[in-house]
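Computed from a prediction, not measured in an experiment: that's the story for all the values here.
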Amino acid sequence: MALRTIRIEGDPVLNRTCREVKELTPRLQDLIDDMLETMYDANGVGLAAPQVGILKRLVVIDTTGDNPLVLINPVIVEREGEQTGEEGCLSLPGKAAQVTRPQRVVAEALDRNMQPIRIEGEDLLARAICHELDHLDGHLYTEFAEGPVHDVNYDEDEMYEEEGEE
């Protein structure tokens, strides 16, 4: 496994539409492992392949820290409700904005073994699924922001307090 460079806003790859993944290869498995390692290293909850410069319909998500999802060729098939909250992105470090997303989504995809899966997500998982799938079509959350994108700074003490590690 290896850390990949996360592409930052302004990189043209972030505005391109990704291609469908057609087959499982060792190279694809390596990419999945690298994306998971890169996401965890950056303290993210999701990462899409274009964020590491690869135009494939592939995302990894882990909102709990212990149950990573690998979604290949994902499609949202159901949306329900509404939630508005702060959203950030590894491709826009130190920035956030208010974005409204569905409260609940259902997505169909292939897992890392190219087996069909159906994922139901609510709250943060629903937000993460929508956010990462937007990347696959060349969209950043800033296009949907309901106000200005603003700076966010968490000092180390605040981060530990949020995690309950005073």
Side-chain angles (χ1 to χ4, degrees), residues 1-18 31-71 74-76 79-107 109 119-166:
M1 292 195 303
L3 291 176
R4 303 269 181 135
T5 300
I6 296 174
R7 304 299 180 93
I8 303 300
E9 182 182 35
D11 188 317
V13 74
L14 295 173
N15 302 113
R16 304 220 7 230
T17 301
C18 295
L31 174 60
I32 292 167
D33 291 337
D34 291 354
M35 286 176 60
L36 286 165
E37 184 176 356
T38 301
M39 176 186 71
Y40 290 130
D41 183 71
N43 295 314
V45 297
L47 187 67
Q51 291 181 274
V52 293
I54 306 295
L55 291 172
K56 292 191 180 288
R57 298 192 77 75
L58 166 66
V59 303
V60 296
I61 297 172
D62 190 349
T63 60
T64 64
D66 63 358
N67 188 26
L69 294 172
V70 174
L71 304 177
V75 176
I76 294 174
R79 299 171 187 261
E80 184 179 295
E82 193 173 274
Q83 62 171 311
T84 301
E86 284 279 290
E87 199 162 308
C89 180
L90 295 176
S91 291
L92 286 90
K95 304 287 184 190
Q98 291 286 312
V99 178
T100 297
R101 300 280 191 184
Q103 182 66 36
R104 178 185 163 276
V105 298
V106 176
I119 300 295
E120 182 176 335
E122 294 185 7
D123 304 318
L124 178 58
L125 181 54
R127 178 177 296 280
I129 290 169
C130 292
H131 178 109
E132 298 310 327
L133 270 61
D134 282 345
H135 277 297
L136 302 181
D137 293 317
H139 300 290
L140 298 173
Y141 78 93
T142 53
E143 296 175 45
F144 313 109
E146 298 170 8
V149 175
H150 57 273
D151 292 334
V152 289
N153 293 314
Y154 296 106
D155 66 30
E156 201 168 308
D157 291 336
E158 286 176 336
M159 288 173 51
Y160 288 123
E161 287 172 14
E162 288 176 4
E163 296 172 0
E165 299 178 40
E166 301 178 326

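Taken from OH in Y141 to CD in E86, the straight-line distance is 8.5 Å, to the nearest 0.5 Å. Between atom OG1 of residue T63 and atom CG of residue L69 there is a gap of 7.5 Å, rounded to the nearest 0.5 Å. Atoms CG and CG, on D62 and N67 in that order, are 6.5 Å from each other to the nearest 0.5 Å. One finds the CG atom of D134 at 9.0 Å from the CD atom of E132 (value rounded to the nearest 0.5 Å). How far CD1 of I119 is from CD1 of I61: 9.0 Å, rounded to the nearest 0.5 Å. To the nearest 0.5 Å, the span separating CD on Q103 from CD on E80 amounts to 9.0 Å.
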Side-chain donor-acceptor distances from residues 89-97 under 3.5 Å, at least two apart:
unit_1	atom_1	unit_2	atom_2	d
S91	OG	R7	O	2.7
S91	OG	Q51	NE2	3.0
K95	NZ	D151	OD1	2.4

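For the residue pair H135 and A48, the shortest heavy atom distance occurs at CB-CB, 3.5 Å. Nearest approach of P50 to L55, heavy atoms of both residues: CB-CD2, 4.3 Å. When all heavy atoms are compared, the tightest approach of R57 to L136 is NH1-O, 3.1 Å.
Here the side chains of V60 and P68 are not in contact, with every heavy-atom distance at 4.5 Å or above. Residues V52 and D34 form no side-chain contact, since every pair of their non-hydrogen atoms from C-beta on lies 4.5 Å or further apart. Considering only heavy atoms from C-beta on, H131 stays 4.5 Å or farther from V99 through its side chain.
A side-chain donor-acceptor contact under 3.5 Å links T38 to the backbone of R4. For the pair E143 (side chain) and L140 (backbone), a donor-acceptor distance under 3.5 Å is present. The backbone N or O of G81 lies less than 3.5 Å from no partner atom in the side chain of R104, so there is not a single donor-acceptor pair. Here the side chain of E37 pairs a donor or acceptor atom with the backbone of A2 at under 3.5 angstrom. Judged by distance alone, the side chain of D11 and the main-chain N or O of V13 form a donor-acceptor pair under 3.5 Å.
With sequence neighbours excluded, the residues that form a side chain to side chain contact (heavy atoms under 4.5 Å, CB included) with R79 are I76, P102, V105, C130.
Shown are E146, E82, R127; of these, the side chain to side chain donor-acceptor pair (under 3.5 Å) with T100 is made only by E146.
For the residue pair Q98 / E87, no side-chain donor-acceptor distance below 3.5 Å is found, with atom types taken as modelled.
Taking the charged nitrogens against the carboxylate oxygens, D123 and R101 have no contact shorter than 4.0 Å, which rules out a salt bridge.
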Please walk me through it: do L58 and V70 pass side chain to side chain contact (heavy atoms under 4.5 Å, CB included)?
CA-CA 7 Å; L58 166 66; V70 174; 3.9 Å; yes
